[in-house]
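In what follows, a structure is listed as structure tokens, so that the remarks can point back to it.
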Number of protein chains: 2
Amino acid sequence: MRRDIFQAIADPTRRAILTLIALQAMTPNAIAENFNTTRQSVSKHLRILTECELVKQEQQGREIYYSLEVEKIKEVDEWVSQFRKLWETRFNQLDDVLSTLKQQHK
Amino acid sequence: MRRDIFQAIADPTRRAILTLIALQAMTPNAIAENFNTTRQSVSKHLRILTECELVKQEQQGREIYYSLEVEKIKEVDEWVSQFRKLWETRFNQLDDVLSTLKQQHK
DNA sequence: TTTATGTGCAACCATTCGGTTTCGCAAGCT
DNA sequence: AGCTTGCGAAACCGAATGGTTGCACATAAA
């Protein structure tokens, strides 16, 4: 029962769910209508997303609305950021090459 | 045999490998020394990382040096970026709350 | 040429994953 | 009170995952 964010977003359906509920909270049934799968399957995905706090629930009568915990996605952003400086450096190097080529054209 | 980046970075060992070879290319044996696992296991991870182009290899004699394809990680960054505006908005809202509280103190 | 080293690959195994089916429960409707 | 609806949880199943072991094939060293 590994429960970390990276394992959670590994599944394409779960990523789609996150995108879907990013703007407005939705019920499991409403979410399931957007995919070729059953409500129970979506329910399982929601459980995983809830367990690693990517999603929060809010009961309203007999319906449960799920919405995105956007703060949690920052953790992915933080992991990516360790590499960001690398591709920025590479970009700058490309920049240097381009300006050198420009110089040679003059 | 799903081969997408998100599935690739789902495994903590693979994420550690990416961090490890981000700054300098390394051989499978050298990489394996950093983990409590066998060379063959690392080799399998490297194959997965290579297949989804997160890593590139360079043969040198009988050794194979693996290094990071930093450009590919941008794809994760792009996925995250769809949520970035959300947490920035939330931050601004918090900002508004704080300045309102500040006003009330005056 | 023989031996040692670095590597990938295939076979195997226990575990996990994602999906479906079935069930039970609680909230609303008639 | 009955019936319907929305939901989670458990049981089950085929497929995928991560690890180990054993092998084959190069390259380098003796």
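Within every chain, numbering begins at 1; the chains are lettered A, B, ... in the order of the sequence lines, protein sequences first and strands thereafter.
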Once you round it to whole Å, what is the distance between [atom2] of [N] and [atom1] of [X]?
X       : N      : atom1 : atom2 : result
A:Asp4  : D:dT17 : CG    : C1'   : 15 Å
A:Gln57 : D:dA9  : CD    : P     : 9 Å
A:Ile48 : C:dT16 : CD1   : P     : 13 Å
B:Leu49 : D:dG18 : CG    : P     : 10 Å
B:Glu51 : D:dA16 : CD    : P     : 14 Å
A:Glu33 : D:dC7  : CD    : P     : 10 Å
A:Gln60 : C:dG28 : CD    : C1'   : 14 Å

Return the set of residues passing side chain to side chain donor-acceptor pair (under 3.5 Å) with B:Thr19 (not counting sequence neighbours), or none when no residue passes.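 Partners of B:Thr19 by the side chain to side chain donor-acceptor pair (under 3.5 Å) criterion, ordered by chain and then number, come out as A:Gln82.
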Could you list, one pair per line, each protein nitrogen or oxygen that sits under 3.5 Å from a nitrogen or oxygen of nucleotides 4-7 of chain C, together with the distance?
{"from": "C:dT5", "atom 1": "O2", "to": "B:Arg62", "atom 2": "NH1", "distance (Å)": "3.0"}
{"from": "C:dT7", "atom 1": "OP1", "to": "B:Ile64", "atom 2": "N", "distance (Å)": "3.3"}
{"from": "C:dT7", "atom 1": "OP2", "to": "B:Asn29", "atom 2": "N", "distance (Å)": "3.2"}
{"from": "C:dT7", "atom 1": "OP2", "to": "B:Asn29", "atom 2": "ND2", "distance (Å)": "2.8"}

Given [N], is OP1 or OP2 found less than 4.0 Å from the side-chain N or O atoms of [X]?
X       : N      : result
B:His45 : D:dT17 : no
A:Thr38 : C:dT20 : yes
B:Gln7  : D:dA16 : no
A:Thr37 : C:dG18 : no

Nearest-0.5 Å distance, CD1 of residue A:Ile31 to OG of residue A:Ser43: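 OG of A:Ser43 is found 9.5 Å from CD1 of A:Ile31.
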Can you list the residues that meet the side-chain contact (heavy atoms from CB on, under 4.5 Å) rule with [X], with sequence neighbours excluded?
X       : value
A:Arg47 : A:Glu51
B:Asn29 : B:Thr27, B:Arg39
A:Glu75 : A:Ile5, A:Lys72

Checking only heavy atoms, does the side chain of B:Lys44 share a donor-acceptor pair with the base of D:dG19 at less than 3.5 Å? yes
First of A:Asn36 and B:Arg47 reached from the 5' end of DNA chain C, by closest nucleotide: B:Arg47
Does atom CD of B:Glu58 have more than 12 heavy-atom neighbours from other groups under 6.0 Å away?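 Count not over threshold, so no.
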Quick note, ring-ring contact (aromatic ring centres under 6.0 Å, His included) partners involving residues 28-78 of chain B, not counting sequence neighbours, are none
